[in-house]
Amino acid sequence: MVRAGLTTERVVQAGAELADELGFEQVTPSELARRFDVKVASLYSHVKNAHDLRTRIALLALDELADRAAAALAGRAGREALVAFAGVYRDYAREHPGRFAAAQLRLDPETAAASAGVRHAQLMRAILRGYDLTGPDQTHAVRLLGSFFRGFVALEADGGFDHSSPASADTWARLLDVLDSLLRDWPRP
């Protein structure tokens, strides 16, 4: 019997909160069942297994990120859009470290194609159209931006910039200027 008040959405939301609190790698059905004060079997009425739970948390995080990014990009173009988009990623990673880690989960091709990850790529491509990048160069630039955002926020979260000057916020701003310049003057083959 399904425990009253326990829904798939509530289980996934609690899993996302647990990920932010303890780290995405620590999210297990057992830990979540303890939080709900239910038996693990009760959760399996809502999620198939640990992998399904983790996938659902990843999909939630991708949705949240895409919604925030779309709102931040509305009415912006060029450097302003780039900075807004980058800010969403950095802020989300700081506010929701476990969910941000979940958003990096490798999804199977079918799940990935149906996820908000597609919206992320579309939003980045929309930014890059403002820099007149198309075709393979646009794909290269999407990969560059994704690598930069993910790498910087991971290093920052791990304390990689804590022991040197200038502050990481200064480096972030400077590197966004560099990216803007690079995208404006993208080398042509």
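Counting heavy atoms from C-beta on, the side chains of L6 and V11 come closer than 4.5 Å. Contact of the F85 side chain with the L145 side chain is not registered, since no non-hydrogen atoms from C-beta on lie closer than 4.5 Å. Looking at heavy atoms from C-beta onward, V47 lies out of side-chain contact with L32 at the 4.5 angstrom threshold. Side chains of V40 and T28 form no contact here, defined as non-hydrogen atoms less than 4.5 Å apart. Side-chain contact check for T171 versus P166: some heavy-atom pair is nearer than 4.5 Å.
Between H120 and Y89, the ring planes lie perpendicular to each other; the angle is over 60°, past the 30° to 60° tilted range.
Linking ILVMFWY residues whenever their side-chain heavy atoms come closer than 4.5 Å, directly or via other members, leaves L60 and V118 in distinct clusters. One hydrophobic cluster, built from ILVMFWY side chains closer than 4.5 Å, holds both I57 and F36. Under the 4.5 Å side-chain heavy-atom criterion for ILVMFWY residues, no single connected hydrophobic cluster contains both V178 and F161. Under the 4.5 Å side-chain heavy-atom criterion for Ile, Leu, Val, Met, Phe, Trp and Tyr, V83 and L65 are members of the same hydrophobic cluster. At a threshold of 4.5 Å between side-chain heavy atoms, the hydrophobic network of Ile, Leu, Val, Met, Phe, Trp and Tyr places L123 and L179 in one connected group.
Checked against salt bridge (charged side-chain N to carboxylate O under 4.0 Å, His left out), D52 has the following partners two or more places apart in sequence or in another chain: R56. Take Y44 and apply the ring-ring contact (aromatic ring centres under 6.0 Å, His included) test, not counting sequence neighbours, and it matches no residue. For R76, the salt bridge (charged side-chain N to carboxylate O under 4.0 Å, His left out) test picks out E80, with sequence neighbours left out. Listed by chain and number, the residues in a ring-ring contact (aromatic ring centres under 6.0 Å, His included) with F24 amount to none (sequence neighbours excluded).
Separating the CD atom in E9 from the NE2 atom in H46 is a distance of 9.5 Å, to the nearest 0.5 Å. The distance from atom NZ of K48 to atom CG of L53, rounded to the nearest 0.5 Å, is 13.0 Å. For the atom pair CD of E31 and CG of L18, the computed distance is 5.5 Å after rounding to the nearest 0.5 Å. Here R143 contributes atom CZ and H140 contributes atom NE2; the two are 7.0 Å apart, rounded to the nearest 0.5 Å. Here L73 contributes atom CG and L82 contributes atom CG; the two are 9.5 Å apart, rounded to the nearest 0.5 Å. Separating the CG atom in D20 from the CD atom in E95 is a distance of 9.5 Å, to the nearest 0.5 Å.
At a cut-off of 3.5 Å, with distance as the only test, no side-chain donor of T134 or R129 sits close to an acceptor on the other residue.
The list of salt bridge (charged side-chain N to carboxylate O under 4.0 Å, His left out) pairs with a residue in residues 148-176, not counting sequence neighbours, reads R90-E156, R94-E156.
A58 approaches L107 most closely through the heavy-atom pair CB-CD2, 4.4 Å. Shortest non-hydrogen contact noted between F149 and A86 is CE2-CB, 3.4 Å. In this structure, S168 and F152 approach most closely via the heavy-atom pair O-CZ, 3.6 Å. Looking at every heavy atom in both residues, I127 comes nearest to G78 through CG2-O, 4.5 Å. Between Q138 and L133, the shortest heavy-atom distance links the atoms NE2-O, 2.8 Å.
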Practice item. Just do the side chain to side chain contact (heavy atoms under 4.5 Å, CB included) check on V12 and L59 with the steps written out, would you? Key: CA-CA 10 Å; V12 172; L59 295 172; over 6 Å; no
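Salt bridge annotation for R68-E64: absent, with no cationic side-chain nitrogen under 4.0 angstrom from a carboxylate oxygen.
Aromatic pair F100/H96: centroids not less than 6.0 angstrom apart.
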Review item, side-chain donor-acceptor pairs of residues 181-189, under 3.5 Å, at least two apart:
from, atom 1, to, atom 2, distance (Å)
R184, NE, D180, OD2, 3.0
R184, NH2, D180, OD2, 2.9
W186, NE1, D137, OD1, 3.2

